[in-house]
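Beneath this line is the structure, given in structure tokens, with notes to follow.
As the structure lists them, so they are numbered: ligands from 1, and atoms in each ligand from 1. Count residues from 1 along the sequence.
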Amino acid sequence: MSDCLFCKFVTGEIQPDKVYEDDDLFAFRDINPQAPTHILVIPKRHIATLNELEPGDQALLGKLTLAAQKIAKDEGIDGSGYRLVLNCNSDAGQSVFHIHMHLLGGRGMSWPPG
Ligand code: AMP
Ligand code: ZN
């Protein structure tokens, strides 16, 4: 998608603070961190919202979660804990329409979320 910010990160047209990349995934630090560690993990393929996921994307979502697990370990927050968040559409506050998993950690977090 030519007008998608996160697709521009994947192609290198814009360079975020990258923390991880493999054949299918890309991860970078959130520009407006909500916790000491706040990283976004995205599929390289443009998928606008969780509603567009298909059965064939099962493995991709598994990879996304395992990449977040690895990054959490690299960041040293695996033991203290972390939260993975996927927002879909307006009620959840999705603002960038290329799916992304938030990895948040480094502080205690309350529940329920706001
Ligand atoms: P969401 O509200 O779930 O769609 O999350 C979008 C996230 O993208 C927010 O946490 C933003 O701070 C983050 N974001 C927006 N622009 C950038 C950027 N240029 N670099 C890194 N993160 C960004
Ligand atoms: Zn995109």
About how many Å separate [atom2] of [Y] and [atom1] of [X], when rounded to the nearest 0.5 Å?
X: Leu50; Y: Gln94; atom1: CG; atom2: CD; result: 7.0 Å
X: Leu86; Y: Leu61; atom1: CG; atom2: CG; result: 7.0 Å
X: Arg107; Y: Thr37; atom1: CZ; atom2: OG1; result: 11.0 Å

Practice task
Provide the atom name of the closest N, O or S atom of His46 relative to the Zn ion (ligand 2).
Solution key: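 Looking only at N, O and S atoms of His46, the one nearest the Zn ion (ligand 2) is named ND1.
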Handout entry: His98: its N/O/S atom lying closest to the Zn ion (ligand 2) (atom name)
Key =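 Per the distance ranking, His98 contributes ND1 as its closest N/O/S atom to the Zn ion (ligand 2).
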Between [X] and ligand 1, does any nitrogen or oxygen pair lie at a separation below 3.5 Å?
X: Gly93; answer: yes
X: Pro16; answer: no
X: Asn87; answer: yes

Practice task
Could you tell me whether Phe9 and Phe26 have their ring centroids closer than 6.0 angstrom?
Solution key: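 When the ring centroids of Phe9 and Phe26 are compared, they turn out to be at least 6.0 Å apart.
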Practice task
Measure centre to centre between the rings of His98 and His100, then say whether the value is under 6.0 Å.
Solution key: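 For His98 and His100, the ring centres are not under 6.0 Å apart.
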Exercise for the section: Considering heavy atoms of the protein only, find what lies nearest to atom 7 (C) of ligand 1 and give residue, atom and distance to 0.1 Å. Expected result: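 Of every protein heavy atom, Asp30 OD2, 3.5 Å lies nearest to atom 7 (C) of ligand 1.
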Problem - Shortest protein heavy-atom distance from atom 19 (N) of ligand 1, along with the residue and atom involved - result: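 Answer, as residue, atom name and distance: Phe9 CZ, 3.5 Å.
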Handout entry: Heavy-atom neighbours of Lys8 NZ exceed 12 at 6.0 Å
Key =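 Counting other residues, nucleotides and ligands, NZ of Lys8 exceeds 12 neighbours.
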Problem - Asn51, CG: over 12 other non-hydrogen atoms inside 6.0 angstrom - result: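 Yes - once you tally the heavy atoms of other residues, nucleotides and ligands closer than 6.0 Å, there are more than 12.
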[Y] backbone acceptor or donor facing [X] side chain under 3.5 Å:
X: Asp57; Y: Leu60; result: no
X: Gln69; Y: Ile71; result: no
X: Gln34; Y: Asn32; result: yes

Looking only at non-hydrogen atoms, which of [options] approaches [atom] most closely?
atom: atom 23 (C) of ligand 1; options: Asp17, Asn89, Ile31, Leu5; answer: Ile31
atom: atom 8 (O) of ligand 1; options: Leu40, Ile99, Leu104; answer: Leu40
atom: atom 6 (C) of ligand 1; options: Gln15, His98, His100; answer: His100

Where does [X] meet ligand 1, judged by heavy-atom distances below 4.0 Å: at the side chain, the backbone, both, or neither?
X: Arg29; answer: backbone
X: Ser95; answer: both
X: Ile14; answer: neither
X: Phe97; answer: neither

I'd like to check which ligand 1 atoms, numbered from 1 as shown, lie under 4.0 Å from a non-hydrogen atom of [X].
X: Phe6; answer: 8 (O)
X: Asn32; answer: 12 (O)
X: Phe28; answer: 21 (C), 22 (N)

Practice task
Compute the minimum heavy-atom distance from Gln34 to ligand 1 and say whether it is under 4.0 Å.
Solution key: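 It does not; every heavy atom stays at 4.0 Å or beyond.
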Exercise for the section: Identify the two heavy atoms, one from Gly106 and one from Pro36, that lie closest to each other, and give their separation to 0.1 Å. Expected result: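 Reported closest heavy-atom pair: O-CG, 3.4 Å.
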